[in-house]
Amino acid sequence: MSSDDHGNDIVDVPCESSSVKDGFDLTLALWCAGLAFDAYAEPSDSSRWEKGSKGTNVAFLSNSFTRSLYSGLFEITPLKCTDLPNENDTAESLLSGDGVDAYMLCAVVEGEMEDDIKYIEEDKFNKGVVGLTSSAHVGRSLTAWSNVDEKQAKAKAKKDGSDSYAYSIPSTWNRGGQAVWINKPLYIYVSNPARARLVFTVMDENLVGEDDVIGSVSKTVLSLLPNVGNAWELAKEKLVKKAKSAVMSGEMLPDDVLQKNLADEIAQCWEGDLKLQTKPKNEDKGGQVTAGAVAGAMIAGPVGAAAGGLIGSFYEEPVRGKLTTRVRYIPIPQVSVKRDRYQIRGGTPGVNWPELYSKRISKLQERDPEVDPDVAGDDLEFCVYVNNELTECSCGIYRSLEKRLIAITFRGTTVPKDLLTDASIIQTPWVDGVDSKSEEGIPQVHVGFRSSLNSISRRLKELTLAAVAPGEDLSMYDVVITGHSLGGALATLFTTDIAEYGFDAGRGLPQLAASEPWWERLAASMKMKGASIKNRKEPPRPKSLRLYSFGSPRVGNLEFVSLFESLKGKGYDQAYRIVNDQDVVARLPRTVNTLILGSVGYDHCGATALISVPKSSEGGQSVLWVEGESDDALCPVRDGTPLTSPLASGGLLGDIYESVTNAGNNQTADSYKWSDIAQSVGGRLQNLTPSDITSVFGIDKTYAEREVKLIQSITSGEAIAHHLEDEYYQGMGRACGFVANVGKEIVEV
């Protein structure tokens, strides 16, 4: 420990930040703070979004990262679907109209996805996109509700400020229904377009129960775009001819015209009709059997009825529907691109994390010019942003190939769905499939946190494994995981999974059921060496794994905390929870007892790093305290033990008992100094506090004082204010020796 000019305690840390140290790394913590709040800034609509299955979408933000995985992307624009059948579910027709409520799904099946290819080619009753097992990239159109016409759809789109809408045209006696989409393009990435095929499925959305498959069709990419494999060569050839022709005629084509012509020539385009060819068997044939029996009875009586019913049970209605769509292939330029260092932004205007970090680095370099304290290299890039539109779980992946560093940051609470995720206190087994009712003492975690993370964790692992440089392995990389608020809780759960099992991309979070081979989808859908990764049976592990969270709520019960702590040094290297002073979120959820749920316990994972901004310049207040490193004091963020002996030292009765005992040491009953005892007890009673009263009833005085302070901070507003970015900015700045106020110049203390 050392002190600043005002006598406030600070923690000295080594200059180096490029390797894992035993203790709290303040430089890394500051860098992670910027990332944790940077996750709140969602990418703009201009980003290329991969619309994935089950609502998980990926925005590719780095050209070099995207180029290392894929050769190009398909731009799919659904236009319409004609000759649609009517709704055959009476309940649904009452809710949304007589026609089907159609939307389109589209997926790319790569040449390596042998099981999916076999399923599409050989199963004449396949479910199309819905039945695929390896394809992670699925595009979905808007739903054309059967009871919404063009006028209604346009009005709603105008009200919502959208330029996309969909509507239906009802069927007539000689024509099926139609679904029309005025839809933004769907983008689906592909690694080898020449060996890929596109699968289209038209679905009927149901308000009650699962959606139904209307029909599917699949086409090889080469059958639609025969020149897709040599798009670059053909484009260059055409452009050279155009340039030569311009020169011969005395013209000069400007660079922007050449670039536009190149882009137009590279993109391969097809537009046309696709007849839906397959659909699943009809599981409910009651109506068909009845109709067959009635028809048979009219012809041949009871015998005809039996025969007609039998025929009806085997009859499959023909597939109806003709899909009109536009397919455009856009190759990704396979050229070297200079990577400029990504500038971490944060989420609040006036907060300048990059400048604060830069001043910290300069200060460390002044101490030791021979050491590079920078956490990331000059090639730091924001690779991808992952979001699940159903749970709103979001995170970003950053990398520095120069430093062999990968950082994962989870976004905190921003939307109403996040609030629902945060609010629940119900717990669920950490390992899916474990029966918590029949097995006692198992690790359990917050059900909302687990459900949210599980929606993106598998895709997140795949993309993290793909973030290493070609020819390198994850075991050569340091991985840092961070997040603020809800993001800190998700970061803690994700760290636990990786620490125990490695980057198992064959599943989401831990489960009793066997996971798929961790490498299967990586080898099938990305430009990764399939043969080399298949030889590794165990999921990859990083060189080091560190967790630095901010304002994180508690995530699990004592058994889960014990599991987490047991992984230190075996699965992860460091785990710190940075807490800003009276931040109330870091003290929730509390252990509760309810009649319905019983006892629901929560505790913290990892060590606490408590930061604060001095209330005055008088000194003496700690601006950075690290649990287990600064001193042996108990962590003030943990609940502690509420019950104690009424005679414990520090409590009212305990102190009175101690006064009497001390006065009577080596004394006889006649020689007690009753005046000294009376004076001591009287002084103690004059300094009576509310916590002294509770201590008489066996409530630990320290616990009571902490609870009173928490209530006071909530009443004053500090508990919430200290959870926000501007307060963490000030706290981290003060811990690093700077005064960092929002919108003001950062100055050294």
Residues Asp25, Tyr548; criterion side chain to side chain donor-acceptor pair (under 3.5 Å); working and verdict: CA-CA 9 Å; Asp25 188 336; Tyr548 279 70; 5.3 Å; no

Test: Arg197 and Glu121 ion pair at under 4.0 Å: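 Answer for the salt bridge query: yes.
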
Presence of salt bridge, Arg507 and Asp432, under 4.0 angstrom: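 Here Asp432 does not pair with Arg507 in a salt bridge, since their nearest N and O are not under 4.0 Å apart.
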
Reference residue Val217; test side-chain contact (heavy atoms from CB on, under 4.5 Å); the match among Leu198, Leu276, Val202: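 Exactly one pass, corresponding to Leu276.
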
What is the distance from atom [atom1] of [X] to atom [atom2] of [Y], rounded to the nearest 0.5 Å?
X      : Y      : atom1 : atom2 : value
Thr413 : Tyr40  : OG1   : OH    : 6.0 Å
Ser216 : Phe125 : OG    : CZ    : 13.0 Å
Tyr398 : Asp38  : OH    : CG    : 3.5 Å

Salt bridge (Lys or Arg N to Asp or Glu O under 4.0 Å) evaluation trace for Arg459 with Glu462: CA-CA 5 Å; Arg459 190 69 180 131; Glu462 293 172 352; 2.6 Å; yes

Evaluation steps, side chain to side chain donor-acceptor pair (under 3.5 Å), between Thr608 and Arg577: CA-CA 5 Å; Thr608 300; Arg577 293 174 297 100; 2.3 Å; yes

Trace of the salt bridge (Lys or Arg N to Asp or Glu O under 4.0 Å) decision for Arg638 with Asp603: CA-CA 7 Å; Arg638 299 183 187 272; Asp603 206 348; 3.4 Å; yes

Pair Glu110-Val190, side-chain contact (heavy atoms from CB on, under 4.5 Å): steps then yes or no: CA-CA 7 Å; Glu110 299 271 8; Val190 61; 3.3 Å; yes

Aromatic ring pairing Tyr576/Phe24, orientation class (parallel under 30°, perpendicular over 60°, tilted between):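 Rings of Tyr576 and Phe24: perpendicular, as their planes differ by over 60°.
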
